[in-house]
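Read the structure below first, then the notes.
Note: hydrogens, waters and symmetry copies are ignored here, and every other heavy atom, side chains too, is used.
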Amino acid sequence: MGQCINAARYCSTLGRLKEAIRRKRPGLLRRGVVLQHDNATPHSANLTQQWLQRYGWEILPHPAHSPDLAPSDSHLFGPLKRHLGGMAFETEDDLISELMNWFDNLDVDFFRVGINSLLSR
């Protein structure tokens with residue numbers, strides 16, 4: 001906590017993401033990962049670009065000044081809000097458990113559909 005995000009830290013985060021994908025979605029890494037991020041310095045740094053190239057991750061372009069194109073806004077939060085609608089949680093752990101259950105039960109193509117829908121927007 002409280003650490004500055006630089007290219008090395010971002011690459012470390014990408015490494016943890018890669019490991020989580022390997023554990024939770026076996027086979028996805030072989031099919032290819034499509035990542036969307038903006039052109040913030042840690043994202044566009046040579047170290048990050050080398051990391052992405054080494055693992056063959058594709059970058060989906062994010063137009064400058066287009067926060068409305070974030071796939072999480074249109075594709076993730078709508079269904080999540082509908083899922084959680086009307087639920088009440090006694091503890092934060094209960095909420096986290098429900099969120100983890102929801103994410104674990106998403107169809108494998110859920111995120112791919114969301115990212116691909118950006119092309120038509």
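- Put simply, CZ on Arg22 and CD on Glu19 are 4.0 Å apart, with the number rounded to the nearest 0.5 Å.
- Qualifying side chain to side chain donor-acceptor pair (under 3.5 Å) partners for Asn6, counting only residues two or more places apart in sequence or in other chains: none.
- With sequence neighbours left out, Arg82 forms a side chain to side chain contact (heavy atoms under 4.5 Å, CB included) with Pro79.
- When only modelled atom types and interatomic distance are considered, Arg9 and Ser12 share no side-chain donor-acceptor pair under 3.5 Å.
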Is there a side-chain contact (heavy atoms from CB on, under 4.5 Å) between Ile59 and His37? Walk through the geometry before answering. CA-CA 8 Å; Ile59 299 301; His37 59 202; 3.8 Å; yes

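- What you find for Tyr10 and Ile5 is that their closest heavy atoms are CB-CG2, 4.5 Å.
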Enumerate donor-acceptor pairs with a distance under 3.5 Å from any side-chain N or O in residues 45-54 to protein atoms, sequence neighbours excluded.
{"residue": "Thr48", "atom": "OG1", "partner": "Pro42", "partner atom": "O", "Å": "2.5"}
{"residue": "Gln49", "atom": "NE2", "partner": "His43", "partner atom": "O", "Å": "2.7"}

Pairs of donor and acceptor atoms involving the side chains of residues 96-107, under 3.5 Å and at least two apart or interchain, shall be tabulated with distances.
{"residue": "Glu98", "atom": "OE2", "partner": "His83", "partner atom": "NE2", "Å": "2.6"}
{"residue": "Asn101", "atom": "OD1", "partner": "Asn105", "partner atom": "ND2", "Å": "2.9"}
{"residue": "Asn105", "atom": "ND2", "partner": "Asn101", "partner atom": "O", "Å": "2.8"}
{"residue": "Asp107", "atom": "OD2", "partner": "Asp109", "partner atom": "N", "Å": "3.1"}

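- Distance check, rounded to the nearest 0.5 Å: CH2 of Trp57 to CG of Leu35 gives 6.5 Å.
- Arg23 pairs by the side chain to side chain donor-acceptor pair (under 3.5 Å) definition with nothing, not counting sequence neighbours.
- Leu17 CG to Tyr55 OH: the interatomic distance, rounded to the nearest 0.5 Å, is 12.5 Å.
- Take Ser44 and apply the side chain to side chain donor-acceptor pair (under 3.5 Å) test, not counting sequence neighbours, and it matches no residue.
- Partners of Arg112 according to the salt bridge (Lys or Arg N to Asp or Glu O under 4.0 Å) rule, which considers only residues two or more places apart in sequence or in another chain, do not exist here.
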